[in-house]
Structures are given as C-alpha cells and as structure tokens.
Amino acid sequence: RKEVEQDPGPFNVPEGATVAFNCTYSNSASQSFFWYRQDCRKEPKLLMSVYSSGNEDGRFTAQLNRASQYISLLIRDSKLSDSATYLCVVNVVSNNDMRFGAGTRLTVKP
Amino acid sequence: NAGVTQTPKFRVLKTGQSMTLLCAQDMNHEYMYWYRQDPGMGLRLIHYSVGEGTTAKGEVPDGYNVSRLKKQNFLLGLESAAPSQTSVYFCASSPGGDEQFFGPGTRLTVL
C-alpha cells in the first residue's frame, strides 16, 4: 500500500464547477499536511497547508480528518487556470519524512 | 532573489557514465532536498540535508550520493548511471522542514 494515495483522475470539469479531491495517508505519525500544485513540466508549488480545523483560501478549502487519515481539497467556481496536477503531501516532521502522493490531474474546460 | 536554481536543465548520459547535478538557493534555508519524479509515482525523496555539512538518506538513496559543503549548495552525484535513473530530478529547500520551495527540475535520460 502506498503511504499517500490519491485518485489519479483525470478530472475533466466545466468552468464554474465545484470539484473535490481526496487523499489518504497510512502513517498515523504524520504531523503536517499540504496541497501542492504542479503545472505540466514545471516544479510543484505550495497551494495551501492543511490544518486540523480546516482552512479556506478564496475558492479553495482544505480539510483534515486525522481519525480517518484523510485529507481533502475542494475547488469552487473552477477557472481554466486551475488546470494542473494537485499533489497531496504529508510530513512526519520528527524525521523529516515528506511523502508525496502521485497527484490528481484536473482539466477545466470552457 | 533567484530562489532555487538547478543546473543542468537537461542531460543525456550513457550507462556507466557519472555526473553531478547542482542545486543552489539564495534564501538562506537550512534544509535542502533531492527528489526524483517518475510517471505515476509522485515525487520520491533521494537524500536530504538539515544543514551545512550534514546529509541523510531518503526513500530511494541507492545509486546516488550527495554533499552539502556550503549552506547554499546541495550536490547530487550519480557515480555510474543506469537506465533506471532516467527521471526528472527536483531540488527543494525549506527554512524549517515545512513548506518546500522547488527548483525548475533537471530532465535526465540514461541510454
């Protein structure tokens, strides 16, 4: 079983749609959680950190469920520019063990 | 600030050749990392460093060596390249082991 698992997609949605990505992790000692965005043939860039209480940044909402070892990302009112691969990342800070999911590809169409 | 830079951007090697990838950061970050990214696999940590003069193994260290002689530089070496090392290599740095800032990547092909 992979340590961080994501639905690979692709997700093809129309502009304005709401789309949700899920991620599960296996290491219960994981302490920090992130969503990164990676455009085609580019480097990953931090989209947002994920906090236990959930957090929102404009059209993006991230949720963490430690009991179920589950992280989610919700994108509302999708834009063409949201087309990218979204990477779920978990970190066991004590041993600096950062693990990436394989990513979920999103295409937003006009 | 240039952020994180990597050289070279592209390289083609023959099996058995050696090479060094250079990563440089100008953000005074303590932590630096080397990852490889393969289709369907996500990024996998090769080696990392938590400060000048220190290095540690990550998830897939075999076939690679690293050095961090200066705080701003982190070198990744392939002593004897193999086709299985064909990949995209990303370097990253971090101020404290949390958010990571990535370089643009090096595309390596081993024939």
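Keep in mind that this is a model prediction, so the values were computed, not measured. First the proteins, then the strands, lettered A, B, ... as listed; each starts at 1.
- When hydrophobic clusters are built by joining Ile, Leu, Val, Met, Phe, Trp and Tyr residues whose side-chain heavy atoms come closer than 4.5 Å, directly or via intermediates, B/Tyr33 is not grouped with B/Leu76.
- For A/Arg41, the parts lying under 4.5 angstrom from a heavy atom of chain B are both the backbone and the side chain.
- Around NZ of B/Lys71, the count of heavy atoms belonging to other residues, nucleotides or ligands within 6.0 Å exceeds 12.
- For OH of A/Tyr70, the number of neighbouring non-hydrogen atoms (other residues, nucleotides, ligands) closer than 6.0 Å is greater than 12.
- Atom-to-atom distance recorded for B/Gln100:CD and A/Phe34:CZ is 8.0 Å, nearest 0.5 angstrom.
- In terms of heavy-atom pairs under 4.5 Å with chain A, the best-connected choice from B/Val4, B/Leu43, B/Asp38, B/Val88 is B/Leu43.
- Using a 4.5 Å cut-off between heavy atoms, A/Pro44 contacts chain B through both its backbone and its side chain.
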Let me see the working for B/Tyr35 and A/Met98 under side-chain contact (heavy atoms from CB on, under 4.5 Å), right down to the final yes or no. CA-CA 10 Å; B/Tyr35 293 91; A/Met98 189 85 89; 3.8 Å; yes
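- Contact annotation for A/Gln38: only side-chain heavy atoms (C-beta onward) come within less than 4.5 Å of a heavy atom of chain B.
- Residues B/Phe90 and A/Glu43 approach most closely at CE2-CA, 3.5 Å, considering heavy atoms.
- In the displayed structure, B/Glu52 atom CD is contacted under 6.0 Å by more than 12 heavy atoms of other residues, nucleotides or ligands.
- If you chain together hydrophobic residues whose side chains sit under 4.5 Å apart, B/Val60 and B/Met32 fall into the same group.
- Annotation: B/Arg44, atom CZ; neighbour count of heavy atoms from other residues, nucleotides and ligands within 6.0 Å is above 12.
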